[in-house]
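Notes follow once the structure below has been shown.
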Amino acid sequence: MRYPFSKTEKKWTKKWLDTRIYEPDLDKAKKPFYNLMMFPYPSAEGMHVGNAYAFTGSDIYGRYKRMQGHDVFEPIGLDGFGIHSENYALKMNTHPAEQAEVSEKRFFKQLQEIGNGFAWEERLATFHPDYYKWTQWIFIQMWKQGLVERKKSSVNWCPSCKTVLADEQVVSGRCERCSTDVTKKELEQWFFKITDYAEKLLGNLEKLDWSENIKIAQNNWIGKSEGALVQFPITELEEKIEIFTTRPDTIFGATYMVLAPEHPLVQKLENKISNKKAVEDYITKTKSKTENERIADIKSKTGVELKGVRALNPVNQKEIPIWIADYVLASYGTGAIMAVPGQDERDWEFAEEFKLPIVRTVEPPKNFKGNAYLEDGPAINSDFLDGLDINGAKVKIIKWLKDKNYGESKVNYHLRDWLISRQRYWGAPIPMIYCKKCDWQPAPLKDLPILLPKLKDFRPKGTGEAPLASSSAFYKTKCPKCKGPARRETDVSDTFLDSSWYFYRYINMDKKKEAFNKVRVKKWLPVDMYIGGAEHAVLHLLYSRFLAMAFKDMGLIDFEEPFTALRSHGMIIKEGAKMSKSKGNVVVPDEYIRKFGADTLRMYLMFIGPFQEGGDWRDGGITGIDRFLNRIWNYFESREEFSKKYPSASNSSAREEILPIFHQTIKKVGEDIEDLKYNTAISQLMILFNKMEEPLGDRKGPAKGFAALNSEEHGDFLKLLAPFTPFITEELWEKLGNKYSVHQQEWPEYKDKNLITDEISLIIQVNGKLRGTIQVAREVNEKEATEIARGIDSVKTALGKKKVKKTIFVSGRLINFVIN
RNA sequence: GGGCGAGUGGCGGAACUGGUAUACGCGCACGACUCAAAAUCGUGUCCUGUAAGGGAUGAGGGUUCGAGUCCCUCCUCGCCCACCA
């Protein structure tokens, strides 16, 4: 008989909801455990198998923790604002607000079907006004805290769609939608000053129980570098060029300066320059350069000298030329560098290209064949630094620069401030108001949420203005301070802001006054286990950490790291290839749930590979799990009959055989779940079940398991399976006559004495090669074992007449005879 | 160019702290059941060899009684970031 999954799933889904077994008491829970999974972006195509994979893996962990006695809270929501949803609406010619409702319904239905222990009563969606009211509130708190800034910035621009694009929309230098090369455009933007927390974001990493790969990615992204700021006077002007360098020790080798084309000094110098036209042309050309052209140009350096002005190298008072070149980025450091071609590959290439002088300041080894020399060595051509190594020279030159007022040591970060504004429609309106008299003011809190009006034309406008700018009904308002006429900000906030704080909302969904319910925050946060994809390694996870730090400084919470433990899961590919719509190889979970049931899908997904590494989906593979679950179903069905006939069946030799495996399985499954190694936990369950199912005696005999394990132990077997396959185990648990629910039972315990067998097999090697195995008592000593081993024919043959030089005996494992 | 990770049967993948390589599953072959097929069950399944044996964890070297695991050189693939001074 086949396991009737469809009926069973319906039955238990309803019962779980009715009896609220996945709804912990948020106020009174005794052992709270916040089991969080990264909430999905509800693409309208519905749930991807990748979502099902991530959520199942997270759910198994949560169910395990629940069985260990924790009050597990496992909420779910949707991250529905943002460009993906908006683009989909554009493509389908619908409205994002309508599309969102359709997607929401569909997604929650699919999420319901995968059998997770979700706390449905706390579900949320970021585009609900109840939710984004608090997103806006957070923006205002950040403003009050001095962490919001408005400044000019260059943004991605698609010349064909005539619109601003978010970084996520730029796919290898091209517009995601029309594949046109993306260029840059200067616009005034809102920023969150995440760089204020750079040091803390970096420093705390060490203490976190996170997947190592994510910590490394964050470390690299924050990109701390220690160096110095140095001022180079300009001969023709009072101004100085300030540069950042990590190699102040090479300053004697600075043979020219380079400014980024956008550097503000370039305009100030304009009147002093004799080749103004050429400079202007270069700047125009740079600005129109596409991202791809820039990447293609990495090898060939371009630039223009600012003729008529020169800089003074403070250490030797030599006059050196000033250039502009786009290999220097306006957004990093000070947007200007001292070029040291002898010790920097890019500077070397540039110097070669434009025939600029090259001076080595670090002596390379005699056999060194390259161009720029980056390694350590004694300083040369560097006056009072000569002979020192890099570190020594750095210390000395920084002190010198400081004493002479030319510079100081400085720490720089790769991390930039978080550009929060988007000139798009489908997002939370930024709650700021501009008044000509009073400048920028936050919207009054009583006005929140600033509702996103349902605009008919929500298309990006192409002027650099957001779609909301065409709705005077939206932007016309009064200044909260002087009550004069004022204008609302028409940009919306980045979706990453919505997703940076959703886990505070889950525990406090009441429409009450505060965003943060302090009692519950204390009880439930920080999150105990957070599981999600590694693609969020830097953005989402860094932003969430940043906000937590800011919230702590505001006194809203009393911790600074929001996720105590974090694990990233791998990716599911299909038959060796990444799934994509264009390849048409996307696995849709619904089909398989309909065909095999949710338990089978869940268990198969977890079986294909280690959860943290992902796996390769094969349609054929799922039948293995299908068979496994059906065998279990039939086993328990026949057990019912069997126990009627033989109520106290017990066979000591079967028990002796199975009990150690049974206890080993309890041990291994628990440990493997803790490590998220679900694939091997499932293998172990199969090994045990294969044994239980073996017939006792002849082929027609009853299953060995019946003779070996009692009712309670059969219940324990179901408990071990329960996190993986919640439906079938709940049904069988009931059939065994147990009290509802299997998911609220205590996790079985193993007994050390039952783990081991009296007899073990010892392997016999000669010169490290396997020559035989012997069955011996566990406590066998070296002498006894050696004697038995020498008696084996294959060992005798291998030893021949040679003398045994040495015998290696590893208790419980092997004997190795070393001969020559 | 930088960072991270991975290379094991026909396939997905196991292997504790260096100790029986290929667990578990898929596929395949043969057999049972069946009028037949599907489903199910049983047996077998790294290569080579009749066997004893020999060989094999991307390639090559090293350490060790013993290496998939540790060290060195190289090759291939995947992911992320990329002119970050």
Side-chain angles (χ1 to χ4, degrees), chain A residues 1-2 172 211-217 219-221 223 225 227 243-247 250 258 294-295 297-299 301 325-329 331-340 343-347 349-350 412-416 534-535 537-538 570-571 573 575-576 578 604 607-610 612-625 627-628 630-631 634 668 671 677 679-687 689-690 693 695 699 761-773 793-794 797-798 804-810 812-820:
Chain A
M1 211 197 126
R2 275 188 67 85
S172 51
S211 296
E212 211 52 36
N213 58 337
I214 305 253
K215 290 212 262 186
I216 290 165
N219 202 327
N220 292 343
W221 185 266
S225 45
I243 61 102
F244 171 74
T245 177
T246 52
R247 293 291 304 277
T250 63
V258 188
R294 252 172 34 91
I295 292 166
D297 283 351
I298 285 181
K299 289 276 182 246
K301 296 279 181 288
D326 65 0
Y327 82 93
V328 173
L329 307 176
S331 52
Y332 185 77
T334 61
I337 61 157
M338 64 173 195
V340 187
Q343 265 64 47
D344 184 286
E345 278 171 5
R346 293 152 302 177
D347 296 345
E349 281 165 22
F350 193 83
N412 215 343
Y413 298 93
H414 172 204
L415 182 70
R416 318 272 159 94
E535 68 273 20
V538 279
M571 206 174 34
I573 56 172
E575 279 151 30
K578 209 170 164 175
Y604 177 57
F607 185 61
I608 23 186
Q612 296 190 71
E613 281 160 43
D616 192 351
W617 174 285
R618 307 264 154 169
D619 273 343
I622 197 168
T623 60
I625 302 295
R627 282 177 198 151
F628 180 56
N630 274 298
R631 275 164 55 209
N634 288 317
K668 181 155 176 65
E671 286 169 356
K677 290 192 216 150
N679 56 334
T680 47
I682 294 167
S683 297
Q684 182 62 37
L685 285 163
M686 288 172 169
I687 291 169
F689 183 69
N690 287 349
E693 209 195 23
R699 220 174 258 185
S761 61
L762 206 60
I763 60 175
I764 315 302
Q765 298 179 335
V766 175
N767 275 353
K769 277 192 195 294
L770 181 71
R771 295 299 169 186
T773 55
D793 287 345
S794 55
T797 320
V804 174
K805 256 180 38 184
K806 198 166 144 193
T807 306
I808 311 262
F809 176 74
V810 182
R813 224 175 258 289
L814 59 76
I815 301 174
N816 186 12
F817 297 109
V818 185
I819 55 170
N820 267 340

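Keep in mind that this is a model prediction, so the values were computed, not measured.
No donor-acceptor contact under 3.5 angstrom links the side chains of A:Arg771 and A:Asn816, judged on distance only.
For A:Tyr332, taking side-chain heavy atoms from C-beta onward, the closest of the listed nucleotides B:C84, B:C41, B:A14 is B:C84.
For the pair A:Arg346 and B:G1, the criterion of a side-chain N or O lying under 4.0 Å from OP1 or OP2 is not met. An OP1 or OP2 oxygen of B:U17 is reached within less than 4.0 angstrom by no side-chain nitrogen or oxygen of A:Arg813. OP1 or OP2 of B:U40 lies within a sub-4.0 Å distance of a side-chain N or O belonging to A:Arg627. The side chain of A:Lys677 contributes no N or O atom lying less than 4.0 Å from OP1 or OP2 of B:C24.
Judged by the 6.0 Å distance and 45° axis criteria, A:Lys301 is not positioned over the aromatic ring of A:Phe350.
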| What is the per-nucleotide protein-contact pattern of nucleotides 61-68 of chain B, from the 5' end, where B denotes a base atom under 4.0 Å from a protein heavy atom, S denotes such proximity for sugar-phosphate atoms only, and - denotes neither? | ----BS--
| What pattern of brackets, bars and dots sums up RNA chain B from 5' to 3', given Watson-Crick or G-U wobble pairs under 3.5 Å, [ ] for crossing pairs and | for another strand? | (((((((..(((......[....)))((((((.......))))))(((....)))..(((((..]....))))))))))))....
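Taking atom C1' on both B:G25 and B:G9, the two are 14 Å apart, rounded to the nearest angstrom.
When heavy atoms are screened at a 4.0 angstrom cut-off, A:Trp221 is found touching the sugar-phosphate backbone but no base atom. A:Arg416 comes within 4.0 angstrom of a base, heavy atoms only.
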| message | Test side-chain hydrogen bond (donor to acceptor under 3.5 Å, both in side chains) on A:Asp619 and A:Trp617; report intermediate values, then the result. | response | CA-CA 6 Å; A:Asp619 273 343; A:Trp617 174 285; 2.8 Å; yes
